2 protein chains.
Amino acid sequence: MNQNPTLKKIAERLNVSISTVSRALKDHPDISLETKKKINELADLLEYDPNPYAVNLRTHSSKEFAVVVPSLSNFFYHSFISAIEEEARIFGYSVIIYRSSNDAKIEQEILKSCRHKRVSGIFIAITSETTDIAPFLKLDVHGIPVIFFDKVPQYESCNKICVGDEHAAGIAAEEIMNKGIKNVLAIFGDKNMSITKARLEKFSSVIGQGEDVNLQILYATSTDEAEQVTLAALPGYVGRKFAVFCMSDEILAGSMKAIQRKGLQAPKDLGVIAISDGMIPLLFYPEITFAETSGYNLGKLSFSRMMRCIAGSSFAQTIVDESRLVVGGSM
Amino acid sequence: MNQNPTLKKIAERLNVSISTVSRALKDHPDISLETKKKINELADLLEYDPNPYAVNLRTHSSKEFAVVVPSLSNFFYHSFISAIEEEARIFGYSVIIYRSSNDAKIEQEILKSCRHKRVSGIFIAITSETTDIAPFLKLDVHGIPVIFFDKVPQYESCNKICVGDEHAAGIAAEEIMNKGIKNVLAIFGDKNMSITKARLEKFSSVIGQGEDVNLQILYATSTDEAEQVTLAALPGYVGRKFAVFCMSDEILAGSMKAIQRKGLQAPKDLGVIAISDGMIPLLFYPEITFAETSGYNLGKLSFSRMMRCIAGSSFAQTIVDESRLVVGGSM
DNA sequence: ATTTTAACCGCAAACGTTTGCGAAAACATT
DNA sequence: AATGTTTTCGCAAACGTTTGCGGTTAAAAT
């Protein structure tokens, strides 16, 4: 169990002081080129790397970001994390991933851990049960920037990066109108979620523009429920030209099961369109047309906002990422 | 930007020494009940938590585990991580998740970071391009146990926790035989992966037991390729009673697309069965019957192996988790 | 009344860094 | 030759803990 090399060991072997080694390694102008060379060579040889705990203890900064998500089994968060990691690598930060399991209590523990670790910043999609955002603001006060993404609190004065719910719902609705479809079955998620409200409002308003369009709106809070409500509603549509709109992947998975169960096939028997991050729609044939909410984009946006915060920008900002239509064969 | 409370602050406010506070907080017998009470009360009030960096610097132990996976967009790894987190929480460890993106270079960096952070142990599914396992063994020498799971190296003498490839392939094959199906189209993954070989061998051997069974074996290294090869093979089977076997979720996703494309429906037109962690099979109607490879089980097994290592067990062990048949409606 | 024992607590060093400050040596300026 | 100026480096304190050891009281034993 041989120890990792330390500044001290290098210093002793070279008959210089610890401070000289420290400075040489970070290219401090006080150290002569000759000494620097010597030191760097030995450091390379020994594969020296500073002990992050000691560094942090001394400097109070960790060069690592935390990403907190409710769940990992989610393509959207996955691509968000990818984007953050890509950027972080460039800037010499590492990223540590936390999963709150959508549990506010665990979320609190994670937050505490982040505070004690003095992470450089936090990207977080809050749980659906998070009500108290005071702890987040406290972090900000402690000098740890918090960027909320995707699932964000109502509170105004914080940094929020969201998908363009209205925009996504809008382009999905427009696609339906463009196809000249007059009968629309739309399945939305939990009525209480702000995301549902935003999508619903825009969707109905765009659909409402059309003449004598028949729009039926249903709600489901889970994949199973989505299957049930879709199953119950479908019989009313068979034979007519109609489309099913699903607000999310969760809903889409359920509705598609119902559609398959009824033996219906898109685009022959009906149109199907969704708002999605792009994983589920690709599992079916034909691939489902969807308005893309890109976790990757959101990640890039969030990161640049974070860097600005670290650089000193203190005013809060809400950024919305607009989505684009990915055309499959389901309409 | 008020600072976190420290031992020193508590000590000063109570007119005792730092060491007394430290000992009181960890219930050391040297400290009187009265003093302990005083100290604990103030600590609670101030929401004191030890600075992990200082603790680590002093003790050389971090009470955190690292989980390294090639990808996060994977239900199997997700449930593995869930299991680890559940257990870790119980034992007072936290877990930090790394993603190697299936890149051996990134994997090396992660390993280095783990070493410097002196994590208490590492759970890792190696990348498919990892050839040199010396760095892993070196960690073990440094006193950091390494548990390989799922994607494990060939090297004998290390701790490996794997899914029971043979067993899973076996029960899938048996299910096919039990249904009296004589024509089988089996799609496997990358020929070079050990997992493919293991599954293939067992599958063919069980199927081979049956009389005049017609088995066709195809390979695909991606979802798209799986769709292509399935598409090409399907016409030869229509009209006959047959089954499609998919070695993995990746394959299943592709094959299902081909099956839908041909307008075939399970179980009417064919049987479908797979080896899966259980996410994808549930997206279709009827749900696909599959031999379950449980990430959750693997996580539990891995964790208990880890704790044994930490407790001092030094001999390496390979554990195989057998799977069970989850019956959907596709056969 | 003296010694032994136990209960309780503080001192100080150590973990590996970073960094302000001061000092020695070398060099340049009068 | 004396003074000023760089260049180059080391000292030592600090970050917040943990812990061996020793010291002080008070109670118990002689």
Side-chain angles (χ1 to χ4, degrees), chain A residues 1-40 42-43 46-64 112-113 115-119 142-143, chain B residues 1-40 42-43 46-64 112-113 115-119 142-143:
Chain A
M1 185 157 167
N2 64 52
Q3 285 302 313
N4 286 326
T6 66
L7 290 184
K8 195 172 170 187
K9 294 214 188 86
I10 298 183
E12 277 167 2
R13 285 185 46 168
L14 257 32
N15 264 336
V16 293
S17 78
I18 295 180
S19 18
T20 304
V21 180
S22 174
R23 283 192 254 255
L25 257 18
K26 36 176 55 68
D27 207 24
H28 192 285
D30 264 11
I31 310 298
S32 73
L33 281 132
E34 200 190 359
T35 339
K36 271 182 195 164
K37 187 151 165 288
K38 258 190 349 194
I39 292 177
N40 276 300
L42 185 57
L46 264 39
E47 294 184 18
Y48 170 81
D49 260 292
N51 179 321
Y53 294 98
V55 174
N56 185 284
L57 188 58
R58 185 57 229 259
T59 65
H60 292 186
S61 89
S62 65
K63 286 289 244 178
E64 58 184 14
K112 206 204 274 185
S113 162
R115 187 153 50 91
H116 290 121
K117 291 174 102 101
R118 309 189 213 237
V119 296
H142 277 240
Chain B
M1 187 157 164
N2 64 52
Q3 284 302 313
N4 286 327
T6 67
L7 289 184
K8 195 172 169 186
K9 293 212 190 93
I10 298 183
E12 279 167 1
R13 285 186 47 167
L14 256 34
N15 265 335
V16 293
S17 78
I18 295 181
S19 17
T20 302
V21 180
S22 174
R23 281 191 255 256
L25 255 19
K26 38 175 54 67
D27 208 23
H28 192 285
D30 263 12
I31 310 298
S32 72
L33 282 136
E34 198 190 0
T35 333
K36 271 182 196 164
K37 187 153 164 288
K38 254 189 354 195
I39 293 179
N40 275 301
L42 185 57
L46 264 41
E47 293 185 22
Y48 170 81
D49 259 291
N51 179 321
Y53 293 98
V55 174
N56 185 284
L57 188 57
R58 185 56 228 258
T59 64
H60 292 188
S61 89
S62 65
K63 287 289 245 176
E64 59 184 13
K112 205 204 273 184
S113 160
R115 186 153 51 89
H116 290 121
K117 290 176 104 103
R118 311 191 213 235
V119 297
H142 279 239

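These numbers come from a predicted model, not from an experiment.
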Would you mind reading off the distance between [X] atom [atom1] and [N] atom [atom2], rounded to a whole angstrom?
{"X": "B/Lys117", "N": "C/dG16", "atom1": "NZ", "atom2": "P", "answer": "18 Å"}
{"X": "B/His60", "N": "C/dT17", "atom1": "NE2", "atom2": "P", "answer": "10 Å"}
{"X": "A/Leu57", "N": "D/dT17", "atom1": "CG", "atom2": "P", "answer": "9 Å"}
{"X": "A/Lys8", "N": "C/dA13", "atom1": "NZ", "atom2": "P", "answer": "13 Å"}
{"X": "B/Tyr53", "N": "D/dA14", "atom1": "OH", "atom2": "C1'", "answer": "18 Å"}
{"X": "A/Asn4", "N": "C/dC15", "atom1": "CG", "atom2": "C1'", "answer": "13 Å"}
{"X": "B/Asn56", "N": "D/dT19", "atom1": "CG", "atom2": "P", "answer": "13 Å"}
{"X": "B/Leu14", "N": "C/dC8", "atom1": "CG", "atom2": "C1'", "answer": "15 Å"}

Partner set under side-chain contact (heavy atoms from CB on, under 4.5 Å) for A/Ser32, not counting sequence neighbours: A/Glu34, A/Thr35
Holding to side-chain contact (heavy atoms from CB on, under 4.5 Å), I want the full list of residues that pass it with A/His28, two or more places apart in sequence or in another chain. A/Arg23, A/Asp30
Taking only residues two or more places apart in sequence or in another chain, which ones pass side chain to side chain donor-acceptor pair (under 3.5 Å) with [X]?
{"X": "A/Ser62", "value": "none"}
{"X": "B/Ser22", "value": "none"}
{"X": "B/Asp27", "value": "B/Lys36"}

Is the shortest side-chain N to carboxylate O distance from B/Lys117 to A/Glu64 below 4.0 Å? yes
Give one of base, sugar-phosphate or nothing for B/Ser22, where a contact means two heavy atoms less than 4.0 Å apart. base
Regarding B/Ser19, tell me which of base, sugar-phosphate or nothing describes its non-hydrogen contacts under 4.0 Å with the strands shown. base
Contact list for DNA chain C against residues 23-34 of chain A - heavy-atom distance below 4.0 Å: A/Arg23, A/Lys26
A/Asn56 side chain vs B/Tyr53 backbone, donor-acceptor pair below 3.5 Å: no
Quick one: list whatever passes salt bridge (Lys or Arg N to Asp or Glu O under 4.0 Å) with B/Lys112, sequence neighbours left out. A/Asp49
Applying salt bridge (Lys or Arg N to Asp or Glu O under 4.0 Å), name anything that partners A/Lys38, two or more places apart in sequence or on another chain. none
If one requires at least 3 consecutive Watson-Crick or G-U pairs with distances under 3.5 Å, the stems of DNA chain C turn out to be C:2-27 with D:4-29
Closer to the 5' end of DNA chain C via nearest nucleotide, is it B/Thr59 or B/Thr35? B/Thr35
Which nucleotide in the set D/dT17, D/dG16, C/dT17 lies at the smallest distance from any side-chain heavy atom of A/Arg118? D/dG16
Start at the 5' end of DNA chain D and walk down; is the nucleotide closest to A/Val21 or to B/Asn51 reached first? A/Val21
